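Structure, as structure tokens:
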Amino acid sequence: MPELPEAETIVRTLAPHIEGRRLEAMEIRSARAAPEPLPDLAGRTVERVRRYGKQVVWDLDGGLLRFELRMTGLLLWRVEPGPYTRVRLRFCGAAVCFDDIRQFGSLRWSAGELPRLGPDALEIEAADLARRLAGRRARIKPLLTDQRFLRGLGNIYADEILHRARVHPMTPAHRLGGARARRLHAAMREVLTEAIALGGSSISDYVDADGRPGRFQERHRVYGREGAPCPACGARIRRIVVGGRGTWLCPRCQRLPRGVSGRV
DNA sequence: TGGAATGTTCGGCT
DNA sequence: AAGCCGAACATTCC
């Protein structure tokens, strides 16, 4: 679930509980969740909780604890572990549970480095985005969700952003031109900002660190809405597959440029 | 019952 | 090199 707005919401709800507090113990309940060796973190202080793309990072004294939530990872401020709790990080009288149904997520330790990813989707400037798009021939949607190109976007927000920008997901990036690149940048800022304000999208079981669902799914205009009318023009939303992922779009608002072949 | 699901990585092909 | 595709990971849901 967690893309940029959900990771941001988790950070905002988790930080007040644990920043400045001392970690008492860490219980790895599923080896898959910690694929690389971790040092003993007991006694270290959580100096800061922050977001890196769609990942959640805890700055501890002496290193970084990085949570990759992937499809179903959650960080819950809750003492008792549940059936899907893969790691429990205990504080005095309290705990954070790293829950993950599908077990694609993981937790990693580093002395200070973060993986090299593209610029943050909320921080990049319009001109920078336009410049980066101009150099790529790949289709825009898979490019937007490529974390090495831009960090933070996943399947839901890529579809919502492309719809608001009126850009077809199969448009080659370098064919966007200045006007649509600026529209894409503006749409990205708007969608992400609104989604954060509403606590992210809860489409199956995403909740923030306090167990609250988000509400942005009520504002989705295309994602998961095959057959429903486009809120902008009334045409029926369609579902296609792009880059192996389900992709929802309005065939009337989002046209391919002339000369670009692709199934609408 | 088969297919799809919010993510990422890898190998192979063009 | 860049880009694309399918498979794999594990589980649930419809």
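Quick caveat: nothing in here was measured; it's all calculated off a predicted structure. A, B, ... follow the sequence lines: proteins, then strands. Residue 1 opens every chain.
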[N] [atom2] sits how many Å from [X] [atom1], rounded?
X         : N      : atom1 : atom2 : result
Glu226(A) : dG3(B) : CD    : C1'   : 14 Å
Arg137(A) : dA1(C) : CZ    : C1'   : 13 Å
Asp100(A) : dA5(B) : CG    : P     : 18 Å
Arg245(A) : dG3(B) : CZ    : P     : 18 Å
Ile240(A) : dA4(B) : CD1   : C1'   : 17 Å
Arg151(A) : dG7(B) : CZ    : C1'   : 17 Å
Tyr223(A) : dA4(B) : OH    : P     : 13 Å
Leu117(A) : dT9(B) : CG    : C1'   : 13 Å

Nearest-Å distance once atom C1' is located in both dG3(B) and dG6(C): 16 Å
Euclidean distance for P, dC5(C) against dA4(B) (whole angstrom): 16 Å
Report, one line per pair, each donor and acceptor closer than 3.5 Å where one atom sits in a side chain of residues 87-98 of chain A; sequence neighbours left out.
residue	atom	partner	partner atom	Å
Arg88(A)	NE	Glu27(A)	OE1	3.1
Arg88(A)	NH1	Val79(A)	O	2.7
Arg88(A)	NH2	Glu27(A)	OE1	3.4
Arg88(A)	NH2	Glu27(A)	OE2	3.0
Arg90(A)	NE	Glu27(A)	OE2	2.8

hydrophobic_cluster_shared for Tyr157(A) and Leu129(A), side chain cutoff 4.5 Å: yes
Same cluster (ILVMFWY, side-chain, under 4.5 Å), Leu122(A) and Ile156(A): yes
N/O-N/O pairs, protein side and nucleotides 10-14 of chain C side, under 3.5 Å:
residue	atom	partner	partner atom	Å
dA10(C)	OP1	Arg32(A)	NH1	2.6
dA10(C)	OP1	Arg32(A)	NH2	2.6
dA10(C)	O4'	Arg102(A)	O	2.9
dA10(C)	O3'	Gln103(A)	NE2	3.0
dA10(C)	N1	Arg102(A)	NE	3.1
dA10(C)	N1	Arg102(A)	NH2	2.8
dA10(C)	N3	Arg102(A)	NE	3.3
dT11(C)	OP1	Gln103(A)	NE2	2.7
dT12(C)	OP1	Tyr84(A)	OH	2.8

Of all the heavy-atom pairs spanning [X] and [Y], show the shortest one and how long it is.
X         : Y         : value
Cys253(A) : Cys233(A) : SG-SG, 3.8 Å
Leu69(A)  : Leu74(A)  : CD2-N, 4.2 Å
Ile237(A) : Arg225(A) : CB-O, 3.3 Å

N/O (side chain, Arg139(A)) to phosphate O (OP1/OP2, dG3(C)) under 4.0 Å: no
Contiguous Watson-Crick or G-U pair runs (3 or more, under 3.5 Å) in DNA chain B: B:2-5 with C:11-14, B:7-14 with C:2-9
Check the interface with nucleotides 10-14 of chain B: list each N/O to N/O pair with the protein under 3.5 Å, or write none.
none

Touch class at under 4.0 angstrom, heavy-atom based, for Gly246(A) against every strand present: sugar-phosphate
Sugar-phosphate only, base, or nothing, as touched by Gly244(A) at under 4.0 Å among non-hydrogen atoms: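 Gly244(A): no heavy atom of the nucleic acid under 4.0 Å.
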Test applied, salt bridge (charged side-chain N to carboxylate O under 4.0 Å, His left out); reference residue, Arg51(A); option that passes from Glu6(A), Glu3(A), Glu8(A):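 For Arg51(A), the salt bridge (charged side-chain N to carboxylate O under 4.0 Å, His left out) check succeeds only for Glu8(A).
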All pairs passing salt bridge (Lys or Arg N to Asp or Glu O under 4.0 Å) where residues 121-134 of chain A contributes a residue, at least two apart: Asp128(A)-Arg131(A)
By side chain to side chain donor-acceptor pair (under 3.5 Å) - contacts of Asp208(A) (at least two apart):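 Result, side chain to side chain donor-acceptor pair (under 3.5 Å) vs Asp208(A): none returned.
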Side-chain heavy atoms of Ile10(A) within contact of Tyr206(A), under 4.5 Å: yes
Any Leu162(A) side-chain heavy atom under 4.5 Å of Leu249(A) side chain: no
Selection from dA5(B), dT8(B), dG3(C) that lies nearest to any side-chain heavy atom of Gln147(A): dT8(B)
Candidates Arg221(A), Arg239(A), Lys141(A) - the one meeting side chain to side chain donor-acceptor pair (under 3.5 Å) with Asp159(A): Lys141(A)
